[in-house]
Amino acid sequence: MDKTLYLIGGAMGVGKTAACPRVKTLLPYSVFLDGDWCWDAHPFLVTKETRAMVMDNITHLLNNFLHCSAYENVIFCWVMDRQAILDDLLSRLDTSSCRVCLISLLCNEGTLTARLEEDIAAGCRTPDVIPRSLARLPLYEAQSTHKIDTSTLTVEETARAIAALGRKEEP
């Protein structure tokens with residue numbers, strides 16, 4: 001199998017959106033999709049209909065990338081804070097001709113809070129993100145994923161750890 005699908009989850013602020021574009025440049029013939037791009041709306045509404053829509057958007061794009069012979073590495077990140085979300089996503093994807101590397105990015109509460117406070121000060125996030133993100137942190141421990149603790153890692157180190165995990169995966 002020459003293609004690898006990286007599904008990278010983690011609470012807001014752990015470093016997914018920072019590291020994944022770098023992963024794309026570390027791996028050959030790569031494409032990157034951030035799940036947030038598939039649901040960027042104002043106001044942001046969470047309903048049964050919008051949840052169905054975002055999953056359809058994500059799976060449509062990921063399946064197109066998986067079926068495209070130009071790409072060897074498909075990198076996707078999103079919060080995905082429950083195993084059921086990962087399982088639902090995987091059930092919708094054609095992974096018959098690729099390796100799947102499931103990764104959760106984690107960090108300690110102090111690091112997460114500091115990162116989010118920087119984003120709030122820069123106007124990138126609202127203050128309510130801190131308790132929402134902290135509440136999600138423990139959910140990743142229960143998932144069947146490789147865990148990478150980004151607490152003391154740079155973006156580059158995180159990206160290299162993600163890329164290395166994919167290269168070690170067996171079909």
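Computed from a predicted model, the values in this text were never measured in an experiment.
Follow the hydrophobic side-chain contacts under 4.5 Å out from Trp37 and you reach Ile85 in the same cluster. No continuous path of hydrophobic side-chain contacts links Val31 to Leu26 [ILVMFWY only; heavy atoms under 4.5 Å]. Leu45 and Val54 fall into different hydrophobic clusters, where Ile, Leu, Val, Met, Phe, Trp and Tyr residues are linked whenever their side-chain heavy atoms come under 4.5 Å apart, directly or through other members. Met53 is connected to Leu89 through a chain of hydrophobic side-chain contacts under 4.5 Å among Ile, Leu, Val, Met, Phe, Trp and Tyr, so both are in one cluster.
The backbone N or O of Cys101 lies less than 3.5 Å from no partner atom in the side chain of Tyr6, so there is not a single donor-acceptor pair. Side chain of Thr150 to main chain of Leu105: no donor-acceptor pair is present (N/O by atom type, distance under 3.5 Å, no hydrogens or angles). No side-chain donor-acceptor contact under 3.5 Å links Ser151 to the backbone of Thr111. Between the side chain of Ser133 and the main chain of Met12, a donor-acceptor pair closer than 3.5 Å is present. The backbone N or O of Arg22 sits less than 3.5 Å from a side-chain atom of Thr25, completing a donor-acceptor pair. The main-chain N or O of Thr95 is never found under 3.5 Å from a side-chain atom of Lys3 such that the two would form a donor-acceptor pair. Listed for the Lys147 side chain is a donor-acceptor partner under 3.5 Å among the backbone atoms of Thr145. Put simply, the side chain of Gln83 gets close to the backbone of Ser144: a donor and an acceptor are under 3.5 Å apart. Without hydrogens or angle criteria, Glu141 side chain to Pro138 main chain gives no donor-acceptor distance under 3.5 Å. Within the 3.5 Å criterion, the main-chain N or O of Met55 finds a donor-acceptor partner in the side chain of Thr59.
If you take CZ on Arg92 and CD1 on Ile58, they are separated by 9.5 Å, rounding to the nearest 0.5 Å. Once rounded to the nearest 0.5 Å, the distance linking CD1 of Ile130 with CD of Glu109 reads 11.5 Å. Taken from CD1 in Ile148 to CG in Leu106, the straight-line distance is 9.0 Å, to the nearest 0.5 Å. Atom CG of Asp36 sits about 7.5 Å away from atom CZ of Phe44, to the nearest 0.5 Å. The CG atom of Asp94 sits 12.0 Å away from the CG atom of Leu62 when rounded to the nearest 0.5 Å. Taking CG of Leu165 as the reference point, atom CD1 of Ile8 lies at 9.5 Å (rounded to 0.5 Å).
The existence of a salt bridge linking Asp119 and Arg115 is excluded, since no basic side-chain nitrogen approaches an acidic carboxylate oxygen closer than 4.0 Å.
Across Ile162 and Ile103, no two heavy atoms sit closer than the pair CG2-CD1, 3.8 Å. Contact between Leu66 and Cys98 at its shortest, heavy atoms only, is CD2-SG, 4.0 Å. In terms of heavy-atom proximity, Ala18 sits nearest to Val155 at O-CG1, 3.3 Å. Nearest heavy-atom pair, Ile120 versus Pro127, reported as atom, atom and distance to 0.1 Å: CD1-CA, 3.5 Å. Nearest heavy-atom pair, Phe32 versus Cys20, reported as atom, atom and distance to 0.1 Å: CE1-CB, 3.2 Å. When all heavy atoms are compared, the tightest approach of Asn108 to Leu137 is C-CD1, 4.5 Å.
Scored by the salt bridge (Lys or Arg N to Asp or Glu O under 4.0 Å) test, Asp40 finds no partners at all (sequence neighbours excluded).
You'll find the side chain of Gln143 stays beyond 4.5 Å of the side chain of Leu139, heavy atoms only. With a 4.5 Å cut-off on side-chain heavy atoms, Leu33 and Cys38 count as touching.
For NE2 of His67, the number of neighbouring non-hydrogen atoms (other residues, nucleotides, ligands) closer than 6.0 Å is greater than 12.
Listed by first and then second residue, the salt bridge (Lys or Arg N to Asp or Glu O under 4.0 Å) pairs that reach into residues 44-69 come to none, sequence neighbours excluded.
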Name every donor-acceptor pair, under 3.5 Å, that has one atom in a side chain of residues 70-81 and the other anywhere in the protein, sequence neighbours excluded.
unit_1	atom_1	unit_2	atom_2	d
Asn73	ND2	Pro28	O	2.7
Asp81	OD2	Arg136	NE	2.7

Next item on the list: Kindly indicate, with the supporting measurements, whether the criterion side chain to side chain contact (heavy atoms under 4.5 Å, CB included) is fulfilled by Thr50 and Trp39.
Entry: CA-CA 8 Å; Thr50 59; Trp39 198 1; 3.5 Å; yes
